[in-house]
Amino acid sequence: MIKERPEARGSAFGERHFLNPFHNTIGKVDFMAEIIATEGLTKRFGPLTAVNKMDLKIEKGRVSGIIGPNGSGKTTLFNLLSGYFPPSEGRIFYEGHDITRLSPQERVKRGISRSFQLVSIFPRLKVYENLVLSVLRFKENNKGGARFYFCKVADNKELLDDCMQYLEMVGLQNKANTLGGELSYGDQRLLEIAISLSLKPKILLLDEPFSGLGDLEISFMMELLHKVKKDFTIVIIEHKISKIEDFCEQLFVMSQGSLICQGEPCKVLTNVEVRRCYWGEVG
Amino acid sequence: MMGKNRPGLFFSSVSSGKRSLVEIIIIAVLCILLSFYMGKHRVADFMIFCITVLSYDLIYGFMGHLTIGHMLYFGTGTYTAALFMKWVTPNPILGIVAGIVAGALLALIVGKLVIRTKGATFALVNMAFNYVGFFLVAYAWGNVTGGEDGMPSFTGPLGSFYLHRHPYWFFFVLFCLLLSFYLLKHFSASPFGIMVRSIRYSERRVRFLGYNSHYYKLVTFIIASSFAAFAGTLTAINYGYIAPDYISPLRNAEIIFANLIGGIGNIYGALIGGMVYMIIRDFLSIYVERWELVLGVVLVVTALRFRTGITGYIQKYL
């Protein structure tokens with residue numbers, strides 16, 4: 001049961017909105033200021049508090065970055081937002097609706113997609129096969145849950161064309177018949193991004209998308225993200241601050257499970273507490 | 001645009017339908033040739049075993065869940081068909097249908113309980129259910145099932161046509177094998193098949209693609225178990241006698257061995273593994289009293305040297 005967030009009914013969210021998982025079909029009724037918000041979000045693992053009473057607001061249509069030292073709770077936050085595990089306390093709101101207890105698959109259906117810190121593809125499936133399920137997920141939602149799974153993939157031209165479209169987007173079209181596990185690490189990262197994009201989410205959570213990539217691959221990835229950022233709300237966790245400084249419109253800094261600073265990147269990065277916490281600088 | 005790298009054009013010279021037809025003809029010819037050498041009854045037995053291995057491969061090879069309880073569904077099919085033909089109607093087709101339905105229903109009930117487990121827990125819980133089934137058939141319901149001694153399975157004619165007599169029976173079982181092969185091959189190449197293989201590699205990722213993996217695992221479990229029950233019903237007719245051996249958890253090892261020898265996660269592997277295993281078992285037992293020892297050596301060599309089984313090894317050098 002999805003509960004509506006009380007504050008979401010007010011004029012702060014503009015006109016009425018629909019819970020339609022397809023951002024590109026919403027049209028002019030979508031004027032919400034925030035797409036995801038948390039209230040007192042807390043996650044404890046035994047005596048360790050990984051995320052501590054966090055109140056976070058991600059604005060719709062913007063690119064937000066989350067930075068912080070190792071162990072500050074960034075990935076745990078993503079895991080909570082995507083439903084990987086439930087919070088110990090607090091609530092998560094998505095477009096004004098309480099999604100705290102929704103399963104990951106339900107959140108994906110509503111438009112939340114994520115990538116993982118460690119590349120998560122299907123290594124023994126061909127590259128194009130890796131995209132079949134995500135492309136079908138979108139089609140299924142679009143057609144109101146029609147499920148026809150027993151057609152042969154290789155005989156389904158429309159499905160193959162959709163898969164190829166996303167492979168072309170990330171430049172992997174010539175490796176469609178290669179096994180996912182045989183791709184280079186950088187290509188595997190791109191494939192993972194293609195999988196996330198093909199879900200056509202409203203919000204894309206990217207967990208360290210540049211980790212393990214060389215400068216050339218990072219440039220390509222940045223170019224890709226710049227191309228698609230107008231279509232999604234993007235939240236990105238990254239250690240390479242210099243790479244996302246110009247990309248993000250909003251930056252959140254986490255330390256020891258709490259949000260210590262947020263705002264425009266140039267201002268956040270000059271904040272004394274942030275510099276002390278992140279780079280160990282004092283004064 | 002993408003040339004040969006575009007999926008679906010890999011076998012552009014031969015369409016997938018024609019390719020399947022060629023494969024089916026090859027399998028049929030090989031089985032018929034083998035029947036001249038080994039006898040129709042024995043090859044029918046081989047083919048039934050191949051259907052069982054094919055069904056097992058769906059759970060173990062494709063979905064990546066090792067189970068030690070597959071014989072429960074094989075036995076359910078065997079006993080249901082035999083009892084149905086004894087008490088309701090001797091019609092073999094209806095007996096087969098009853099066996100498949102019983103296997104599917106049991107898989108639905110057991111599957112609901114076991115499908116959320118994985119790894120050793122999945123294997124052992126399935127084995128526990130298999131033991132429950134075995135003890136029910138062999139002891140608790142002995143007055144109905146014939147207990148440890150088993151019972152004869154009577155098959156009646158279809159009108160004036162005796163399906164269970166050779167050569168009709170041989171060709172009927174061959175048809176069943178080819179049908180199972182075709183359906184499971186089609187299944188493995190479908191989006192559902194991709195889903196099942198994806199679950200094997202990363203169930204977490206499947207959930208983050210918006211799918212309830214438990215639901216798809218349950219459906220796969222039911223499909224595989226139904227095919228096992230189907231093989232069980234054929235066994236009841238093929239032998240004309242059923243015994244608790246057909247539901248014994250110990251016989252799961254035979255299916256796993258055959259799967260490993262042929263190559264897991266491969267439809268052709270299941271077929272080849274099933275045939276090779278049965279040939280080893282039948283031939284070796286003539287010349288070697290403790291033929292299981294030789295099978296053990298074959299398995300050790302397969303596990304250490306040929307991890308992808310016979311088909312994997314062949315594909316590597318093709």
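Every chain is numbered from 1 and lettered A, B, ... according to where its sequence line falls, protein lines coming before strand lines.
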Heavy-atom contact with chain B under 4.5 Å, split by part of A:Y84: both
Heavy-atom cut-off 4.5 Å, strictly under: side chain, backbone, both or neither for B:R200 against chain A? neither
I need the B:H70 NE2 to B:I255 CD1 distance, nearest 0.5 Å. 5.5 Å
Looking at A:I121, A:V127, A:V132, which makes the most heavy-atom pairs under 4.5 Å with chain B? A:V132
Contact check, side chains of B:V196 and B:L58, non-hydrogen atoms, under 4.5 Å: no
One thing to verify: whether A:E182 and A:K175 come together as a salt bridge, which I'm taking to mean a side-chain N less than 4.0 angstrom from a carboxylate O. no
Can you check side chain to side chain donor-acceptor pair (under 3.5 Å) on A:T100 and A:R91, steps first, answer last? CA-CA 5 Å; A:T100 314; A:R91 294 193 293 172; 5.8 Å; no
Which one wins on heavy-atom pair count under 4.5 Å against chain B: A:S103, A:S120, A:S113? A:S120
